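Residue numbering restarts at 1 for every chain, and letters A, B, ... go by the order of the sequence lines. Given the structure is predicted, the values throughout are model-derived calculations rather than measurements.
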2 protein chains.
Amino acid sequence: MKIGQLSKLTGASIRSIRYYEAQGLITPKRSDNGYREYHNLAVEQIRTIQFYLSLGLSTEQIASFLHCVLKNKEAFCRDVLPVYTSKLAEIEQQIQTLTQMKSNLEERIRSIRSEESIYKEATYHVDKTSQ
Amino acid sequence: MKIGQLSKLTGASIRSIRYYEAQGLITPKRSDNGYREYHNLAVEQIRTIQFYLSLGLSTEQIASFLHCVLKNKEAFCRDVLPVYTSKLAEIEQQIQTLTQMKSNLEERIRSIRSEESIYKEATYHVDKTSQ
DNA sequence: ATAAACGATGACATTAATGTCAGGGTCAAG
DNA sequence: CTTGACCCTGACATTAATGTCATCGTTTAT
């Protein structure tokens with residue numbers, strides 16, 4: 001099949017499919033006219049790529065084990081596990097950073113609210129615009 | 001003072017200080033030779049900017065209330081609160097997304113580990129490389 | 001044969017803050 | 001007067017995946 005149909009079947013944009021190819025994630029044959037020609041299996045391959053992308057993996061990480069995953073069941077591909085665990089650690093670090101930012105923000109908000117109520121009391125008589 | 005000293009006093013790179021200026025966050029005078037000339041207050045201003053950046057705010061968000069924060073105490077600047085709360089919502093959304101990715105990854109890892117142990121049992125006799 | 005629909009390539013844009021380089025001025029100490 | 005340390009501006013690079021053009025060739029249906 002040609003790239004347009006593959007795009008429709010998978011939901012991946014034509015641009016994205018070409019990008020995956022540029023990243024070495026999929027390698028279609030070429031017809032005589034230069035058009036990319038995909039087997040039916042490519043549908044599943046694109047879906048697999050999208051699945052890993054949705055897990056937050058980069059195309060580079062996916063490339064590191066895709067050759068294996070495409071030929072075996074994921075469970076039998078040892079290469080997947082270290083990528084998963086290192087990605088997991090990365091995500092946990094990001095969550096931690098965001099959680100810290102969140103606490104800081106909440107603290108700022110609390111602090112402002114409490115000081116603002118004091119401010120409102122103290123200036124109630126001149127602060128007629130504050131409502 | 002000139003930009004080099006300001007950089008040393010604040011830890012912000014010269015490049016970053018110029019960038020803050022381009023974003024309208026700080027506006028130094030210019031000497032006759034064209035050098036940026038900062039008051040002593042600029043040290044505190046840069047630190048303030050860095051503080052807000054560390055909260056995860058963008059320079060654009062900071063710009064939206066900095067004029068106020070620099071002249072008043074934060075608590076008296078009403079403009080800060082909505083920026084804080086919208087940033088907080090944004091961060092919470094990011095945390096939620098990451099948490100979902102984390103669960104998915106953990107599930108994948110669990111699934112692989114359990115299947116792998118089955119695999120190892122079933123193929124133990126041919127799998128001498130697996131430790 | 002022509003127009004519409006499709007495919008190809010290549011390039012630029014997006015985002016945000018920062019690094020880094022090039023090609024210059026300025027200034028102070030020697 | 002030269003050297004080194006500093007400053008200036010402008011520009012390109014970084015990251016990742018995708019969108020969106022422009023320009024061109026191909027195919028298909030009328």
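- Residue A/R18 has no polar side-chain atom (N or O) positioned under 4.0 Å from OP1 or OP2 of C/dA11.
- Closest to the B/Y35 side chain, of the nucleotides C/dC6, C/dT26, D/dT18, is C/dT26.
- Between B/K102 and A/E92 there is a salt bridge, with a side-chain nitrogen of the basic residue lying less than 4.0 Å from a carboxylate oxygen of the acidic one.
- A straight line from CD1 of A/I17 to P of C/dC6 spans 14 Å, rounded to a whole angstrom.
- Taking side-chain N and O atoms only, A/T59 has no distance below 4.0 Å to OP1 or OP2 of D/dA16.
- Atom C1' of nucleotide C/dC6 and atom OH of A/Y38 are separated by 14 Å, given to the nearest angstrom.
- Separating the CD atom of A/E60 from the C1' atom of D/dT15 is a distance of 11 Å, rounded to the nearest angstrom.
- A side chain to side chain contact (heavy atoms under 4.5 Å, CB included) with A/Y20 holds for exactly one of A/L66, A/I62, A/L53; it is A/L53.
- Across the protein-nucleic acid pair, A/Y19 atom OH and D/dA16 atom P stand 7 Å apart, rounded to whole Å.
- Side-chain proximity of B/I14 to the nucleotides C/dT9, D/dC7, C/dG7 is greatest for D/dC7.
- Of the candidate nucleotides C/dG7, C/dG19, D/dT18, C/dG7 has the atom nearest to the side chain of A/K2.
- In this structure, CG of B/L25 is placed 13 Å from P of C/dA16, rounded to the nearest angstrom.
- The separation between B/L53 atom CG and C/dA16 atom C1' is 10 Å, rounded to whole Å.
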B/R30 vs B/E37, side chain to side chain contact (heavy atoms under 4.5 Å, CB included): CA-CA, chis, key distance, verdict: CA-CA 5 Å; B/R30 293 299 184 120; B/E37 183 61 37; over 6 Å; no

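- As a whole-Å value, the separation of B/M1 CE from D/dC6 P is 16 Å.
- For B/K8, the listed nucleotide lying nearest its side chain is D/dC6; candidates were D/dC6, C/dC6, D/dC8.
- OP1 and OP2 of C/dG7 both lie 4.0 Å or more from every side-chain N or O belonging to A/N33.
- In this structure, B/S16 reaches the C/dT18 phosphate: one of its side-chain N or O atoms is under 4.0 Å from OP1 or OP2.
- A salt bridge does not link B/E21 to B/R18: none of the charged side-chain nitrogens sits closer than 4.0 Å to a carboxylate oxygen.
- Distance CD1 (A/I62) to C1' (D/dA17): 11 Å, rounded to an integer number of Å.
- For A/S13, the listed nucleotide lying nearest its side chain is D/dG19; candidates were D/dG19, C/dA8, D/dA17.
- Of the side-chain N and O atoms in B/R30, one or more sit less than 4.0 angstrom from OP1 or OP2 of D/dT9.
- Applying the 6.0 Å contact sphere to CD of A/E106 captures more than 12 heavy atoms from other residues, nucleotides or ligands.
- The phosphate of D/dA17 (OP1 or OP2) has no side-chain N or O of A/R15 nearer than 4.0 angstrom.
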